[in-house]
Engineer: 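Below are the structure tokens for one structure; questions will follow.
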Protein chains: 2
Amino acid sequence: MNESELFKALADPTRRAVFERLADGEMNATDLRQGFDLSQPAMSQHLAVLRTAGLIAEQKYGRNVLYRINPDGVARIHQWLSRYNAFWPSRVDDLKQLLKEMDQ
Amino acid sequence: MNESELFKALADPTRRAVFERLADGEMNATDLRQGFDLSQPAMSQHLAVLRTAGLIAEQKYGRNVLYRINPDGVARIHQWLSRYNAFWPSRVDDLKQLLKEMDQ
DNA sequence: CAATCATATAAGTCTGTGCTTATGTATTTG
DNA sequence: CAAATACATAAGCACAGACTTATATGATTG
């Protein structure tokens, strides 16, 4: 749940790809393996790392486990990044646009 | 310069601390070592990782090297994170407040 | 209830990372 | 110009991480 775990979890390209796929909607471990050349235990281990880091959450239903993005993890990255707001002034306009869109 | 390098660089607590110190202002490698129980080569290697990741930039003056935060790196993290904007709605209000403050 | 399915855990291997000491390379100074 | 300073690079070591196969666990199905 600390920042090292958070960034370590995201440092692996497979885990980032899994995370990105979950952004499209919750999914179980078997479906997540589609398109990855990875053993079942490897995927299970990656999911455990993402979960420990607070980036994803899981919900068991029967013998399946649904995984989904945990907003807390995203918020924590943003929180860390906000310390360095002074260093990305060029992004501010994009952000204003985004907030305007979210209001509508 | 890819995302794995970026997150790997930030996964190390020493490197995050160095990065955070540089947020207060540019500094050379010797001064950066203050407060860290770390050999000179270790610091040099950490700085190389941060530089390769695009998180810091360096400027030589004589036998010294000034290190400073590279805004591009910060922007790239934000760019990656922006894919997951939908997952941190609770932060939107804080962000609006921040933008309002930046306008003043 | 035996077989199957979805997932987790264990144990071992291989590679990568962070550290060290030793040394190299400019630059500055007395 | 020899010594000192600031930093980088090399090489080696110890540990962490990502993967594998094998096996365990718990839910479902015929």
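Order of the sequence lines sets the chain letters (A, B, ...), proteins ahead of strands, with each chain counted from 1.
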Engineer: Check the distance between D:dT5's P and B:Y61's OH and give it to me in whole angstrom.
Structural biologist: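 Distance, rounded to whole Å: 16 Å.
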Engineer: Round to a whole Å and report the spacing from CZ of B:R51 to P of D:dC7.
Structural biologist: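 My rounded result for the distance is 15 Å.
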Engineer: What is the distance from CZ of B:R63 to P of C:dT28, rounded to the nearest Å?
Structural biologist: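 In whole Å, C:dT28 P lies 7 Å from B:R63 CZ.
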Engineer: Answer whether the closest heavy-atom distance between the side chains of B:V49 and B:L55 falls below 4.5 Å.
Structural biologist: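 With C-beta onward as the side chain, the pair stays apart.
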Engineer: Provide, to the nearest angstrom, the distance between the CG atom belonging to A:N28 and the P atom belonging to D:dA27.
Structural biologist: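 Rounded to whole Å, this separation is 16 Å.
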Engineer: Taking NZ from B:K60 and C1' from D:dT5, how many angstroms apart are they, rounded to a whole number?
Structural biologist: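 From B:K60 NZ to D:dT5 C1': 14 Å.
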Engineer: Contact class for A:Y67 (heavy atom, under 4.0 Å): base, sugar-phosphate, or nothing?
Structural biologist: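 If one applies the 4.0 Å heavy-atom cut-off, A:Y67 turns out to touch the sugar-phosphate alone, with no base involved.
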Engineer: Any heavy-atom pair between the side chains of A:V18 and A:M43 that's under 4.5 Å?
Structural biologist: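 When only atoms from C-beta onward are counted, A:V18 and A:M43 do touch, with a gap below 4.5 Å.
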Engineer: Using whole Å, what does the distance between atom C1' of nucleotide D:dA6 and atom CE of B:M27 come to?
Structural biologist: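 Rounding to the nearest Å, CE of B:M27 and C1' of D:dA6 are 16 Å apart.
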Engineer: With sequence neighbours excluded, what pairs up with B:R16 under the salt bridge (charged side-chain N to carboxylate O under 4.0 Å, His left out) test?
Structural biologist: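 Partners of B:R16 by the salt bridge (charged side-chain N to carboxylate O under 4.0 Å, His left out) criterion, ordered by chain and then number, come out as A:E3.
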Engineer: For A:F7 and A:W80, take the angle between the two ring planes, folded into 0 to 90°, and tell me which bin it lands in: parallel under 30, tilted 30 to 60, perpendicular over 60.
Structural biologist: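 It falls in the perpendicular class, over 60°.
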Engineer: Please round to the nearest 0.5 Å and tell me the distance separating atom CD of A:E58 and atom CG of A:L47.
Structural biologist: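 So the CD of A:E58 and the CG of A:L47 are separated by 8.5 Å.
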Engineer: Closest approach to the side chain of A:T30, judged atom by atom: which nucleotide of D:dA8, D:dT5, C:dT7 is it?
Structural biologist: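 Side chain of A:T30 sits closest to C:dT7.
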Engineer: Taking the side chain as C-beta and beyond, is there a heavy-atom pair between A:E20 and B:Y84 under 4.5 Å?
Structural biologist: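 Sidechains of B:Y84 and A:E20: in contact.
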Engineer: Provide, to the nearest angstrom, the distance between the CZ atom belonging to A:R33 and the P atom belonging to C:dT7.
Structural biologist: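 Distance, rounded to whole Å: 10 Å.
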Engineer: Going 5' to 3' along nucleotides 16-25 of chain D, which nucleotides have protein heavy atoms under 4.0 Å from the base (write B), which only from the sugar-phosphate (write S), and which from neither (write -)?
Structural biologist: -SSBBBB---
Engineer: Rounded to the nearest Å, what distance is computed from the CG atom of residue A:N64 to the P atom of nucleotide C:dA8?
Structural biologist: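 Checked: the CG to P distance equals 11 Å.
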